[in-house]
Each structure stands twice: as C-alpha cells, then as structure tokens.
Amino acid sequence: MTERTEKQMSVRTQGATVWLTGLPSAGKTTIAYALAERLRAEGHRVEVLDGDEIREFLSAGLGFSREDRHTNVQRIGFVAELLASNGVKALVPVIAPFADSREAVAKRHAAAGTAYLEVHVATPVEVCSERDVKGLYAKQAAGEISGLTGVDDPYEAPESPDLRIESHTQSVQESAGSLYALLTERGLA
C-alpha cells in the first residue's frame, strides 16, 4: 500500500462531528444529506443525526422550553461524539438555538479529543419563512404555535463558526461543496 493510499484510508476512518446550526428551513438537513452522499461515495462512514428524527426517537417527551432544548442538544451531542470517536462522520443538522448549549457540546468533543466543526447555515428569516418546509412559519403567523426559533423565540447565531454558509445565495451542491472543502482543509475528507 502506498503512503498516499494509507493516508486516504486514515482520513476515511477518522470520525468528526459537523454541527449545522441555523433557523428552521435554513437548509441544514438538505446540505447534510448532500454532503453525506458525497462522503459515502468516497468510502467514509457517515450518519446524519436529523434534529426532527432525534426529537421523535431519542428526545420524545421534551418540549421547547430553554431547559428542554438544552437537554435535547446535549443528548444529540453525546450521540454525535460517541459516533465520531468511533470513526463516523456525524453530520448534525439541528437548530440548537442557544450558544451555551452548542459550547457545551464543543467542550465535550474537545475533552474527548474528537474533531468538532460548527457550521452556521445563515439563511435570513425572511427566506426561511418563504421556504417554510414544515409549515411552521405559517402556523406561527396564524397564531397556531408560538416559540418559533428566530421569530418569537431567540436564536443566538454563532459568533465565529468554522464555516458560515449562506444557502440562499448558492445551490445545495455549492453549500455542500463549501463544507466538503472545510473538511478537506482540516484533514477530515
């Protein structure tokens, strides 16, 4: 086996958590799945920890209070670190609206020596509300729900993420490509 082949094999088996944070309908999950497809095609082990699926199966019963949101983020962070420390690229498209919750997840990864990247999918609320993938913005506007992140509940955007993606100005493939470039730059792809 050549040195280059060994290095490629090592990169493919190195785990990392890529946390994609942003408003509802920002494009986090779409970007994560596009990146996952590319990484899997190259032989990487990849899992997408979609926030909606996690809420249904791992965090059932939690509401949307600040405390419940923090608990949800910590549970997801635990699972992501566990996967990443075992050679999986854990792609985590989760709103995670509070900086302290995301910081706690980053510290867990740092303490374990596990690679962690924070990506802010910085789509303006006006664009998210037009996309309204799950109908949340329409329900909030109609008074059917309250506590919508970025509208009537806070969202603390990352001050210095590893990458900021403005999904409203580029295609899904371009957004996933920017993220892939970051992974490559960090020796993770």
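In this structure, E67 places its CD atom where only 12 or fewer heavy-atom neighbours from other residues, nucleotides or ligands lie under 6.0 Å away.
To the nearest 0.5 angstrom, L23 atom CG is 4.5 Å from C128 atom SG. Rounded to the nearest 0.5 angstrom, K89 NZ and E42 CD are separated by 9.5 Å. For the atom pair NZ (K139) and CD1 (I145), the distance works out to 6.5 Å, reported to the nearest 0.5 Å. Separating the CG atom in L49 from the CG atom in L58 is a distance of 9.0 Å, to the nearest 0.5 Å. Taking CZ of F64 as the start and CG of N72 as the end, the distance is 8.0 Å to the nearest 0.5 Å. With rounding to the nearest 0.5 Å, the separation of CD1 in I165 from NE2 in H120 is 10.5 Å.
Here the side chain of R55 pairs a donor or acceptor atom with the backbone of G63 at under 3.5 angstrom. Remark: the backbone N or O of G22 is paired with a side-chain donor or acceptor of Y155 at under 3.5 angstrom. Remark: the backbone N or O of A122 is not paired with any side-chain donor or acceptor of E166 at under 3.5 angstrom. Formation of a donor-acceptor pair under 3.5 Å by the R164 side chain with backbone atoms of V119 is not found in this model. Counting only distance, with no hydrogens or angles, the side chain of S167 and the backbone of A26 share a donor-acceptor pair below 3.5 Å. Side chain of S171 to backbone of E174: a donor-acceptor contact under 3.5 angstrom is found.
For the pair R131/T123, a side-chain contact is recorded, criterion being any heavy-atom separation below 4.5 Å from C-beta on. Using a 4.5 Å heavy-atom threshold, the side chains of Q170 and S178 count as touching. Counting heavy atoms from C-beta outward, L20 and L179 have side chains that approach closer than 4.5 Å. At a threshold of 4.5 Å between non-hydrogen side-chain atoms, the residues S101 and Q74 count as touching. Residues L39 and L183 form a side-chain contact, since some pair of their non-hydrogen atoms from C-beta on lies under 4.5 Å apart. Contact check for L117 versus W19: no side-chain heavy atoms found under the 4.5 Å cut-off. Residues P154 and T149 have side chains not in contact (no heavy-atom distance under 4.5 Å, counting atoms from C-beta outward). You'll find the side chain of V121 reaches within 4.5 Å of the side chain of I31, heavy atoms only.
Between K28 and D50 no salt bridge is recorded (no basic side-chain N to carboxylate O distance below 4.0 Å). The pair R69-D153 counts as a salt bridge, with a side-chain nitrogen and a carboxylate oxygen less than 4.0 angstrom apart.
Shortest non-hydrogen contact noted between L62 and R75 is CD1-NH1, 3.7 Å. Scanning all heavy atoms of the two residues, the minimum distance from A80 to T17 falls at O-OG1, 3.4 Å. Closest approach of H44 to A189, counting heavy atoms only: CE1-CA, 3.9 Å. Of all non-hydrogen atoms in A138 and D132, the two that sit nearest each other are N-OD2, 3.0 Å. Nearest heavy atom pair, residue R186 against residue D162, reads NH1-OD1, 3.1 Å. Contact between E118 and R102 at its shortest, heavy atoms only, is OE2-NE, 3.0 Å.
In the hydrophobic clustering of this structure, V46 does not group with V88; members are Ile, Leu, Val, Met, Phe, Trp, Tyr whose side-chain heavy atoms approach within less than 4.5 Å, directly or through other members. No continuous path of hydrophobic side-chain contacts links V125 to V127 [ILVMFWY only; heavy atoms under 4.5 Å]. One hydrophobic cluster, built from ILVMFWY side chains closer than 4.5 Å, holds both L163 and V48. Hydrophobic clustering (ILVMFWY, side-chain heavy atoms < 4.5 Å, transitive): Y137 and I95 are in one cluster. No single ILVMFWY cluster, assembled from side-chain heavy atoms under 4.5 Å apart, contains both V133 and Y33.
Annotation: cation-pi geometry not satisfied between R108 and F78 (NZ/CZ under 6.0 angstrom from ring centroid, within 45° of ring axis).
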Where do R66 and D100 land on the salt bridge (Lys or Arg N to Asp or Glu O under 4.0 Å) test, with the steps shown first?
-> CA-CA 11 Å; R66 184 179 178 105; D100 60 343; 3.2 Å; yes

